[in-house]
K.L.:
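So that we are looking at the same thing, I have put the structure below in C-alpha coordinates.
Bear in mind that the values here come from a model prediction, so they are computed numbers and not experimental data. Counting starts at 1 for both ligands and their atoms, in listed order.
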Amino acid sequence: MPSPRILMCAPDYYGIEYEINPWMSKHRGSSPDRAQAQWRKLYETLVGLGVRVELMTPQPGLPDLVFTANAGLMFHQAFYSSRFRHEVRARETPYFDAWMGGAGYSVHTLPEGTFFEGAGDALFCGKSLFAGYRIRSDVQGHQYLGQALGRQVLPIELVNPYFYHLDTCFCPLAPGEAIYHPEAFDAYGRRVLEVHIPKLLAVGQPDAHRFGCNAVVVGKTVVMNAGCDELAACLRALGYTPVPVELDEFIKSGGSAKCLTLRLDGEEAAVWE
Ligand code: ARG
(Lines give C-alpha, C1' and ligand atoms only; values in the text may rest on other atoms or scores of the structure.)
Protein backbone atom coordinates (compact mmCIF):
# COMPACT_ATOMS: atom_id res chain seq x y z
CA MET A 1 0.00 0.00 0.00
CA PRO A 2 1.45 3.46 -0.87
CA SER A 3 2.33 5.59 2.15
CA PRO A 4 -0.41 7.95 3.36
CA ARG A 5 -0.03 11.64 2.51
CA ILE A 6 -1.08 14.41 4.86
CA LEU A 7 -1.08 18.22 4.58
CA MET A 8 -0.08 20.27 7.63
CA CYS A 9 0.73 23.93 8.30
CA ALA A 10 3.11 25.06 11.07
CA PRO A 11 1.65 27.26 13.85
CA ASP A 12 3.91 30.30 13.23
CA TYR A 13 0.91 32.66 13.37
CA TYR A 14 -1.38 30.47 15.45
CA GLY A 15 -3.26 32.13 18.30
CA ILE A 16 -6.70 32.80 19.76
CA GLU A 17 -7.59 36.03 17.99
CA TYR A 18 -11.36 35.58 17.78
CA GLU A 19 -13.98 33.33 19.35
CA ILE A 20 -16.05 31.18 17.00
CA ASN A 21 -16.56 28.11 19.18
CA PRO A 22 -16.99 27.58 22.95
CA TRP A 23 -13.38 26.41 23.43
CA MET A 24 -11.85 29.69 22.28
CA SER A 25 -11.10 32.51 24.71
CA LYS A 26 -9.11 35.52 23.49
CA HIS A 27 -8.60 36.41 27.13
CA ARG A 28 -6.87 33.10 27.87
CA GLY A 29 -4.86 33.00 24.64
CA SER A 30 -2.23 30.37 23.85
CA SER A 31 1.52 29.96 24.27
CA PRO A 32 3.37 30.21 20.92
CA ASP A 33 6.35 28.17 22.15
CA ARG A 34 4.26 25.33 23.51
CA ALA A 35 2.11 25.32 20.36
CA GLN A 36 5.23 25.05 18.17
CA ALA A 37 6.67 22.21 20.28
CA GLN A 38 3.38 20.29 20.32
CA TRP A 39 2.78 20.71 16.61
CA ARG A 40 6.34 19.56 15.85
CA LYS A 41 5.83 16.47 17.98
CA LEU A 42 2.69 15.61 16.01
CA TYR A 43 4.54 16.18 12.74
CA GLU A 44 7.45 13.96 13.81
CA THR A 45 5.11 11.27 15.09
CA LEU A 46 3.33 11.09 11.74
CA VAL A 47 6.59 11.08 9.77
CA GLY A 48 7.81 8.30 12.09
CA LEU A 49 4.74 6.27 11.13
CA GLY A 50 5.70 6.48 7.47
CA VAL A 51 3.32 9.30 6.54
CA ARG A 52 4.46 11.67 3.79
CA VAL A 53 3.70 15.05 5.34
CA GLU A 54 3.42 18.00 2.95
CA LEU A 55 3.75 21.49 4.41
CA MET A 56 1.94 24.72 3.63
CA THR A 57 3.46 28.13 4.29
CA PRO A 58 1.89 29.78 7.39
CA GLN A 59 0.32 33.20 6.77
CA PRO A 60 0.19 36.17 9.14
CA GLY A 61 -3.34 37.09 10.18
CA LEU A 62 -4.65 33.55 9.65
CA PRO A 63 -4.31 31.92 13.09
CA ASP A 64 -6.47 28.91 12.21
CA LEU A 65 -4.67 27.99 8.97
CA VAL A 66 -3.02 25.25 11.07
CA PHE A 67 -6.32 23.36 10.98
CA THR A 68 -5.85 21.99 7.48
CA ALA A 69 -8.69 19.47 7.95
CA ASN A 70 -11.03 22.36 7.21
CA ALA A 71 -9.42 23.25 3.86
CA GLY A 72 -11.85 21.03 1.98
CA LEU A 73 -12.39 17.38 1.13
CA MET A 74 -10.07 15.35 -1.01
CA PHE A 75 -11.58 12.70 -3.26
CA HIS A 76 -9.18 10.89 -5.58
CA GLN A 77 -7.41 13.74 -7.40
CA ALA A 78 -10.22 16.24 -6.80
CA PHE A 79 -10.24 18.81 -4.02
CA TYR A 80 -13.64 20.15 -2.93
CA SER A 81 -12.85 23.48 -1.35
CA SER A 82 -14.60 24.61 1.84
CA ARG A 83 -17.10 27.43 2.15
CA PHE A 84 -16.53 28.57 5.70
CA ARG A 85 -19.36 29.77 7.91
CA HIS A 86 -17.21 32.48 9.52
CA GLU A 87 -15.54 35.21 7.49
CA VAL A 88 -12.38 35.03 9.65
CA ARG A 89 -11.80 31.52 8.34
CA ALA A 90 -13.07 32.09 4.80
CA ARG A 91 -9.92 34.18 4.30
CA GLU A 92 -7.92 30.93 4.42
CA THR A 93 -9.56 29.55 1.29
CA PRO A 94 -7.40 31.33 -1.34
CA TYR A 95 -4.27 29.88 0.32
CA PHE A 96 -5.64 26.35 0.50
CA ASP A 97 -6.88 26.51 -3.10
CA ALA A 98 -3.56 27.85 -4.35
CA TRP A 99 -1.64 25.07 -2.60
CA MET A 100 -3.95 22.38 -3.99
CA GLY A 101 -3.82 23.80 -7.50
CA GLY A 102 -0.04 24.03 -7.28
CA ALA A 103 0.16 20.41 -6.12
CA GLY A 104 -1.74 19.33 -9.24
CA TYR A 105 -5.19 18.64 -7.81
CA SER A 106 -8.31 19.91 -9.53
CA VAL A 107 -9.99 22.49 -7.30
CA HIS A 108 -13.80 22.43 -7.15
CA THR A 109 -16.03 25.01 -5.50
CA LEU A 110 -19.42 24.36 -3.96
CA PRO A 111 -22.38 26.55 -4.95
CA GLU A 112 -22.53 30.02 -3.47
CA GLY A 113 -24.72 30.22 -0.38
CA THR A 114 -23.80 26.76 0.88
CA PHE A 115 -21.60 26.12 3.90
CA PHE A 116 -19.09 23.32 4.03
CA GLU A 117 -16.04 22.94 6.28
CA GLY A 118 -14.22 20.13 4.55
CA ALA A 119 -12.86 17.00 6.19
CA GLY A 120 -13.79 18.52 9.56
CA ASP A 121 -17.44 17.80 8.77
CA ALA A 122 -17.25 15.08 6.11
CA LEU A 123 -15.73 11.71 6.96
CA PHE A 124 -15.82 8.48 5.01
CA CYS A 125 -16.45 5.27 6.91
CA GLY A 126 -16.37 2.64 4.23
CA LYS A 127 -18.05 3.95 1.10
CA SER A 128 -20.51 6.26 2.85
CA LEU A 129 -19.74 9.87 3.64
CA PHE A 130 -20.87 10.84 7.14
CA ALA A 131 -21.62 14.53 7.10
CA GLY A 132 -22.07 16.75 10.15
CA TYR A 133 -24.30 19.79 9.74
CA ARG A 134 -26.01 22.74 11.41
CA ILE A 135 -23.24 24.44 13.39
CA ARG A 136 -20.75 24.94 10.52
CA SER A 137 -21.61 22.99 7.37
CA ASP A 138 -25.17 22.81 6.03
CA VAL A 139 -27.20 20.08 4.39
CA GLN A 140 -27.20 21.70 0.93
CA GLY A 141 -23.41 21.60 0.82
CA HIS A 142 -23.36 17.94 1.70
CA GLN A 143 -26.08 17.08 -0.80
CA TYR A 144 -24.17 18.80 -3.58
CA LEU A 145 -21.08 16.84 -2.60
CA GLY A 146 -22.92 13.51 -2.55
CA GLN A 147 -24.02 14.10 -6.14
CA ALA A 148 -20.63 15.30 -7.27
CA LEU A 149 -18.85 12.29 -5.74
CA GLY A 150 -21.55 9.76 -6.56
CA ARG A 151 -21.48 8.55 -2.97
CA GLN A 152 -24.10 8.02 -0.31
CA VAL A 153 -24.11 10.96 2.08
CA LEU A 154 -25.52 10.45 5.58
CA PRO A 155 -26.25 13.86 7.14
CA ILE A 156 -25.96 13.87 10.92
CA GLU A 157 -27.02 16.87 12.95
CA LEU A 158 -24.55 18.22 15.49
CA VAL A 159 -26.49 19.38 18.54
CA ASN A 160 -23.77 20.16 21.10
CA PRO A 161 -21.85 23.44 20.54
CA TYR A 162 -18.68 21.93 22.07
CA PHE A 163 -18.64 19.38 19.24
CA TYR A 164 -19.21 21.78 16.38
CA HIS A 165 -17.38 19.79 13.69
CA LEU A 166 -18.10 16.09 13.09
CA ASP A 167 -14.42 15.23 13.50
CA THR A 168 -14.55 16.42 17.13
CA CYS A 169 -16.99 13.64 18.08
CA PHE A 170 -16.69 10.88 15.46
CA CYS A 171 -13.70 9.06 14.03
CA PRO A 172 -13.81 6.15 11.56
CA LEU A 173 -11.18 3.51 12.34
CA ALA A 174 -11.87 1.17 9.42
CA PRO A 175 -14.85 0.37 7.17
CA GLY A 176 -17.64 -0.61 9.59
CA GLU A 177 -15.71 0.51 12.67
CA ALA A 178 -15.61 3.90 14.41
CA ILE A 179 -15.49 5.75 17.72
CA TYR A 180 -18.02 8.47 18.64
CA HIS A 181 -19.22 10.61 21.51
CA PRO A 182 -22.98 9.92 21.87
CA GLU A 183 -23.78 13.25 23.58
CA ALA A 184 -22.77 15.21 20.50
CA PHE A 185 -25.76 13.83 18.58
CA ASP A 186 -29.50 13.59 18.91
CA ALA A 187 -31.33 10.25 18.98
CA TYR A 188 -31.71 10.27 15.19
CA GLY A 189 -28.02 10.95 14.58
CA ARG A 190 -27.01 8.19 16.97
CA ARG A 191 -29.39 5.83 15.17
CA VAL A 192 -27.84 6.65 11.77
CA LEU A 193 -24.41 5.82 13.15
CA GLU A 194 -25.60 2.61 14.83
CA VAL A 195 -27.40 1.37 11.73
CA HIS A 196 -24.51 1.99 9.34
CA ILE A 197 -21.50 1.15 11.51
CA PRO A 198 -21.58 -2.32 13.08
CA LYS A 199 -18.61 -1.75 15.41
CA LEU A 200 -19.25 1.55 17.15
CA LEU A 201 -17.32 2.41 20.30
CA ALA A 202 -18.71 5.12 22.60
CA VAL A 203 -16.22 7.61 24.05
CA GLY A 204 -17.16 8.99 27.48
CA GLN A 205 -17.33 12.67 28.32
CA PRO A 206 -13.87 13.14 29.91
CA ASP A 207 -11.99 11.69 26.92
CA ALA A 208 -14.35 13.33 24.44
CA HIS A 209 -13.63 16.71 26.07
CA ARG A 210 -9.93 15.92 25.68
CA PHE A 211 -10.66 15.56 21.96
CA GLY A 212 -10.07 11.80 21.96
CA CYS A 213 -12.32 11.45 18.91
CA ASN A 214 -10.18 13.93 17.00
CA ALA A 215 -7.64 11.26 16.13
CA VAL A 216 -5.46 10.54 13.11
CA VAL A 217 -5.72 6.92 12.06
CA VAL A 218 -2.74 5.48 10.20
CA GLY A 219 -3.40 1.80 9.59
CA LYS A 220 -3.71 0.28 13.04
CA THR A 221 -2.16 3.26 14.83
CA VAL A 222 -4.32 6.00 16.35
CA VAL A 223 -2.59 9.30 17.09
CA MET A 224 -4.53 11.47 19.54
CA ASN A 225 -4.29 14.01 22.33
CA ALA A 226 -2.54 12.82 25.50
CA GLY A 227 -4.55 11.85 28.58
CA CYS A 228 -7.38 9.93 26.89
CA ASP A 229 -6.52 6.85 28.93
CA GLU A 230 -9.87 5.09 28.94
CA LEU A 231 -10.20 5.46 25.18
CA ALA A 232 -6.61 4.30 24.71
CA ALA A 233 -7.35 1.11 26.68
CA CYS A 234 -10.47 0.42 24.58
CA LEU A 235 -8.52 0.95 21.36
CA ARG A 236 -5.84 -1.47 22.51
CA ALA A 237 -8.54 -4.06 23.21
CA LEU A 238 -9.72 -3.60 19.60
CA GLY A 239 -6.23 -4.28 18.27
CA TYR A 240 -5.15 -0.65 17.70
CA THR A 241 -2.05 1.08 19.02
CA PRO A 242 -2.89 4.46 20.54
CA VAL A 243 -0.10 7.06 20.35
CA PRO A 244 -0.60 10.04 22.66
CA VAL A 245 0.72 13.50 21.73
CA GLU A 246 0.17 16.48 24.05
CA LEU A 247 -1.93 18.97 22.04
CA ASP A 248 -3.64 21.09 24.69
CA GLU A 249 -2.52 24.37 23.07
CA PHE A 250 -4.73 23.52 20.10
CA ILE A 251 -7.69 22.45 22.20
CA LYS A 252 -7.75 26.10 23.30
CA SER A 253 -8.91 26.78 19.74
CA GLY A 254 -11.23 23.78 19.57
CA GLY A 255 -8.91 21.49 17.64
CA SER A 256 -6.54 18.55 18.09
CA ALA A 257 -4.65 15.93 16.08
CA LYS A 258 -7.15 15.29 13.30
CA CYS A 259 -7.97 19.00 12.77
CA LEU A 260 -4.27 19.69 12.25
CA THR A 261 -4.11 17.27 9.30
CA LEU A 262 -5.72 16.74 5.93
CA ARG A 263 -5.42 13.40 4.17
CA LEU A 264 -4.30 14.18 0.64
CA ASP A 265 -4.73 10.61 -0.54
CA GLY A 266 -8.32 10.79 0.69
CA GLU A 267 -9.75 9.67 4.00
CA GLU A 268 -10.75 6.35 2.52
CA ALA A 269 -8.11 5.75 -0.11
CA ALA A 270 -8.12 2.07 0.79
CA VAL A 271 -11.67 1.49 -0.42
CA TRP A 272 -11.52 3.46 -3.67
CA GLU A 273 -11.82 1.28 -6.72
N1 ARG B 1 -10.66 27.47 15.76
C2 ARG B 1 -11.02 26.62 14.68
C3 ARG B 1 -12.47 26.86 14.30
O4 ARG B 1 -13.27 27.06 15.18
C5 ARG B 1 -10.77 25.19 15.02
C6 ARG B 1 -11.01 24.24 13.88
C7 ARG B 1 -10.89 22.80 14.27
N8 ARG B 1 -10.99 21.96 13.13
C9 ARG B 1 -11.67 20.81 13.06
N10 ARG B 1 -11.55 20.11 11.96
N11 ARG B 1 -12.47 20.42 14.00
O12 ARG B 1 -12.84 26.85 13.16
K.L.:
Between Y164 and E117, does any side-chain donor sit less than 3.5 Å from a side-chain acceptor?
P.N.:
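No, because no side-chain N or O of Y164 sits under 3.5 Å from a partner of the opposite role on E117.
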K.L.:
So, do F130 and H142 have ring centers that fall under 6.0 Å from each other?
P.N.:
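Between H142 and F130, which both carry aromatic rings, the centre distance is not below 6.0 Å.
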K.L.:
Take Q152 and S128 through the side-chain hydrogen bond (donor to acceptor under 3.5 Å, both in side chains) test and state the conclusion after the steps.
P.N.:
CA-CA 5 Å; Q152 180 185 43; S128 302; 2.8 Å; yes
K.L.:
Give one line per pair: atom of ligand 1, protein atom, distance. Only N/O to N/O under 3.5 Å.
P.N.:
{"residue": "ligand 1", "atom": "1 (N)", "partner": "D64", "partner atom": "OD1", "Å": "3.4"}
{"residue": "ligand 1", "atom": "1 (N)", "partner": "D64", "partner atom": "OD2", "Å": "2.9"}
{"residue": "ligand 1", "atom": "1 (N)", "partner": "S253", "partner atom": "O", "Å": "2.9"}
{"residue": "ligand 1", "atom": "1 (N)", "partner": "S253", "partner atom": "OG", "Å": "2.8"}
{"residue": "ligand 1", "atom": "4 (O)", "partner": "N21", "partner atom": "ND2", "Å": "2.8"}
{"residue": "ligand 1", "atom": "4 (O)", "partner": "R136", "partner atom": "NH2", "Å": "2.8"}
{"residue": "ligand 1", "atom": "8 (N)", "partner": "N70", "partner atom": "OD1", "Å": "2.9"}
{"residue": "ligand 1", "atom": "10 (N)", "partner": "N70", "partner atom": "OD1", "Å": "3.4"}
{"residue": "ligand 1", "atom": "10 (N)", "partner": "N70", "partner atom": "ND2", "Å": "3.3"}
{"residue": "ligand 1", "atom": "10 (N)", "partner": "D167", "partner atom": "OD1", "Å": "3.3"}
{"residue": "ligand 1", "atom": "10 (N)", "partner": "D167", "partner atom": "OD2", "Å": "2.8"}
{"residue": "ligand 1", "atom": "11 (N)", "partner": "H165", "partner atom": "ND1", "Å": "2.9"}
{"residue": "ligand 1", "atom": "11 (N)", "partner": "D167", "partner atom": "OD1", "Å": "2.8"}
{"residue": "ligand 1", "atom": "12 (O)", "partner": "R89", "partner atom": "NH1", "Å": "2.9"}
{"residue": "ligand 1", "atom": "12 (O)", "partner": "R136", "partner atom": "NH1", "Å": "2.9"}

K.L.:
Can you list everything that forms a side chain to side chain contact (heavy atoms under 4.5 Å, CB included) with E157? Sequence neighbours excluded, please.
P.N.:
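Side chain to side chain contact (heavy atoms under 4.5 Å, CB included) check on E157 returns Y133, R134, V159, D186.
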K.L.:
Go through the structure and list residues passing side chain to side chain contact (heavy atoms under 4.5 Å, CB included) with T57, not counting sequence neighbours.
P.N.:
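Checked T57 against side chain to side chain contact (heavy atoms under 4.5 Å, CB included); matches are Q59.
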K.L.:
May I have the list of side-chain donor-acceptor pairs in residues 219-237 shorter than 3.5 Å, sequence neighbours left out?
P.N.:
{"residue": "N225", "atom": "OD1", "partner": "L247", "partner atom": "N", "Å": "2.9"}
{"residue": "N225", "atom": "ND2", "partner": "R210", "partner atom": "O", "Å": "3.0"}

